[in-house]
Amino acid sequence: MPFTLAAPVHSEQVIKKSRFLGCVEPVTGREQAVARVSELRAEHPGARHVCWALMAGGHSAANDDGEPSGTAGRPMLDVLRHQELEGVLATVVRYFGGVKLGAGGLVRAYTDCVAQALLGAERVPLIRMRTLRVRVPYAVEGALRREFEAHAATLEDVRHGGDVELTVQLPEDRAASLMARVDDLSQGRAVWVAGGRGTVRSGPARFGCGTRAGTRPEGTR
């Protein structure tokens, strides 16, 4: 089961004089993730790197931001994937302390920074939702409304014409059962209308990672 986060979580570590500020937070998608990275760059003008990884289905991404290829973004993404997270952005701001860590050291540093942040995270299950539209005779509308309630389906829209058209949203894993019940109750007269869609729902989340710098170490570049 995929999860998102209830709120942003942070970590901080110093490795061979380099300072790593990590944040893992829920985001709505790539656009918000890119905007957050831009905000972090503005908040940390003295940082050498702002590396990030986004786990968001087809919009997932990893960015090393000038670190050697494969030593930052990809390891961070692997942590998110291992934790079964979805709709989550991980960022690590690095203030270079003058000592190179080597490829292996960088992978460990970025991996640990994200993993340490997630130790204090509250994970929230993601519920995949399905929207269904069906047209039925008026005589079965009442029975269908009761069936929707039994399947925890939310009635989003009702349109009355020659027949009645109802639009509902419900957890995806209950959709097949509901459709079968509607077909039975309508004795095969239900017409399923194209245009249903899948969405993802989670518990309430607070977006935005609060800046922790004030926090720029003196004399680093």
Side-chain angles (χ1 to χ4, degrees), residues 1-9 23-36 53-61 77 79-90 114 117-210:
M1 174 186 293
F3 297 84
T4 188
L5 300 181
V9 288
C23 181
V24 188
E25 62 187 292
V27 292
T28 55
R30 186 183 180 95
E31 183 176 351
Q32 186 186 16
V34 171
R36 283 294 304 127
L54 170 67
M55 195 68 187
H59 299 285
S60 297
L77 186 65
V79 175
L80 300 183
R81 184 178 291 115
H82 180 72
Q83 295 279 342
E84 298 184 278
L85 294 172
E86 183 73 20
V88 171
L89 170 70
V114 175
L118 288 171
L119 289 176
E122 179 186 350
R123 301 199 307 169
V124 180
L126 282 173
I127 302 172
R128 297 194 178 278
M129 305 296 289
R130 178 85 179 273
T131 298
L132 302 174
R133 295 171 60 196
V134 63
R135 195 157 48 236
V136 295
Y138 281 89
V140 298
E141 181 181 355
L144 259 59
R145 286 175 178 263
R146 291 189 291 273
E147 201 62 42
F148 294 158
E149 188 173 331
H151 281 76
T154 301
L155 184 60
E156 296 189 325
D157 186 47
V158 180
R159 299 183 183 184
H160 295 96
D163 290 318
V164 58
E165 183 177 294
L166 304 103
T167 301
V168 297
Q169 186 179 77
L170 75 166
E172 192 173 65
D173 59 0
R174 299 181 185 180
S177 173
L178 175 62
M179 293 176 75
R181 285 292 296 148
V182 170
D183 288 339
D184 287 344
L185 290 168
S186 66
Q187 298 181 331
R189 291 176 293 172
V191 177
W192 295 97
V193 182
R197 64 188 185 277
T199 59
V200 176
R201 185 180 69 195
S202 68
R206 296 183 295 277
F207 297 106
C209 233

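None of these values were measured; they are calculated from a predicted model. Here, residue 1 is the first one in the sequence, and each next residue gets the next number.
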Reported [atom1]-to-[atom2] distance for the pair [X] and [Y], which is rounded to 0.5 angstrom:
X	Y	atom1	atom2	value
Gln169	Leu132	CD	CG	9.5 Å
Thr4	Glu25	OG1	CD	10.0 Å
Arg135	Thr167	CZ	OG1	10.5 Å
Glu84	Arg123	CD	CZ	6.5 Å
Thr131	Asp157	OG1	CG	11.0 Å
Glu147	Ser177	CD	OG	7.5 Å

Carboxylate-amine/guanidinium contact Arg145 Glu149, below 4.0 Å: no
Verdict with supporting geometry, Leu85 and Leu118, side chain to side chain contact (heavy atoms under 4.5 Å, CB included): CA-CA 11 Å; Leu85 294 172; Leu118 288 171; 3.9 Å; yes
How close do [X] and [Y] get, counting heavy atoms only, and between which atoms?
X	Y	value
Tyr138	Asp163	OH-O, 3.6 Å
Pro8	Pro26	N-CD, 4.1 Å
Leu54	Arg30	CD2-CA, 3.6 Å
Glu86	Ala56	OE2-C, 3.1 Å
Ala190	Val134	CB-CG2, 3.8 Å
Leu5	Ala121	CD2-CB, 3.8 Å

Side chain Glu141, main chain Val136, donor-acceptor under 3.5 Å: no
Check: Arg174 side chain, Pro171 main-chain N or O, donor-acceptor pair, under 3.5 Å: no
For the residue pair [X] and [Y], establish whether any side-chain heavy-atom pair is separated by less than 4.5 Å.
X	Y	answer
Phe3	Val88	no
Val24	Leu80	yes
Arg133	Leu166	no
Leu178	Val168	yes

Check against side chain to side chain contact (heavy atoms under 4.5 Å, CB included), Val182 and Phe148: CA-CA 9 Å; Val182 170; Phe148 294 158; 4.2 Å; yes
Side chain to side chain contact (heavy atoms under 4.5 Å, CB included) between Arg159 and Val164, worked out: CA-CA 6 Å; Arg159 299 183 183 184; Val164 58; over 6 Å; no
Verdict with reasoning, Gln83 to Met55, per side chain to side chain contact (heavy atoms under 4.5 Å, CB included): CA-CA 11 Å; Gln83 295 279 342; Met55 195 68 187; over 6 Å; no
